[in-house]
Amino acid sequence: MDPTICVSFATVKWDGYDYFEASVGSLLEGLDPRERSTLCLNILFRDTDPSRNPSWGQKWTDRLVDKTGSYDVSEEEFSHLQELEKARNFHEKGIL
């Protein structure tokens with residue numbers, strides 16, 4: 001069955017409490033297998049080094065999520081994103 005709904009979460013590593021895992025759990029809670037099969041769930045890790053995020057590479061993401069990824073941009077744009085991240089310029093980077 002092809003998905004009828006696509007849901008994407010974008011996440012970054014935050015200092016302090018992170019609502020990401022609870023948000024994914026809340027989305028999937030109570031879905032039966034037929035309902036889950038109509039949902040395509042994607043996660044975009046918005047750190048230029050996604051391994052900084054505690055959810056990156058976890059077994060639960062492999063089991064519950066249809067697709068995970070990070071930036072898929074040119075080398076030049078990726079370098080710029082790294083500089084913005086280093087400068088903590090999250091507004092220009094697009095993370096508020």
Item to check | Inter-residue atom distance D18.CG - N53.CG, 0.5 Å rounding | outcome: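 Reported to 0.5 Å precision, the distance equals 6.5 Å.
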Item to check | Inter-residue atom distance C6.SG - L41.CG, 0.5 Å rounding | outcome: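 With rounding to 0.5 Å, SG (C6) is 8.0 Å from CG (L41).
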Checklist entry - Does D47 pair with R52 as a salt bridge, N-O distance under 4.0 Å? => result yes
Checklist entry - With the threshold set at 4.0 Å, does a side-chain nitrogen-carboxylate oxygen contact exist between D66 and R36? => result yes
With heavy-atom distances below 4.5 Å as the criterion, would you say the side chains of [X] and [Y] are in contact?
X: L39; Y: L31; answer: yes
X: Y71; Y: R46; answer: yes
X: N42; Y: V7; answer: no

Checklist entry - For D72, does the CG atom have more than 12 heavy-atom neighbours from other residues, nucleotides or ligands under 6.0 Å away? => result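 12 or below, so no.
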Checklist entry - Ignoring hydrogens and geometry, is there a side-chain-to-backbone donor-acceptor pair from S70 to F45 under 3.5 Å? => result yes
Checklist entry - Quick one: does S79's side chain have a donor or acceptor within less than 3.5 Å of a partner on E76's backbone? => result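 Judged by distance alone, no pair lies under 3.5 Å.
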So which heavy atom on [X] is nearest to which on [Y], and how close?
X: K13; Y: P54; value: CG-CD, 4.2 Å
X: T61; Y: Q58; value: OG1-O, 2.7 Å
X: W56; Y: P50; value: CB-O, 3.1 Å

Checklist entry - side-chain hydrogen bond (donor to acceptor under 3.5 Å, both in side chains) with S55: which residues, sequence neighbours excluded? => result E21
Linking I/L/V/M/F/W/Y whenever their side-chain heavy atoms sit closer than 4.5 Å, directly or via other members, would [X] and [Y] fall into one cluster?
X: V12; Y: L44; answer: no
X: V73; Y: I43; answer: no
X: V65; Y: Y19; answer: no

Next on the checklist: Please enumerate all residues that pass side-chain contact (heavy atoms from CB on, under 4.5 Å) together with E83, with sequence neighbours excluded.
Outcome noted: K86
Checklist entry - Residues in side-chain contact (heavy atoms from CB on, under 4.5 Å) with S26, at least two apart? => result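 With neighbours one apart ignored, the set is empty.
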Next on the checklist: Less than 3.5 Å apart, any donor N or O on the side chain of E92 or H80 sitting next to an acceptor on the other?
Outcome noted: yes
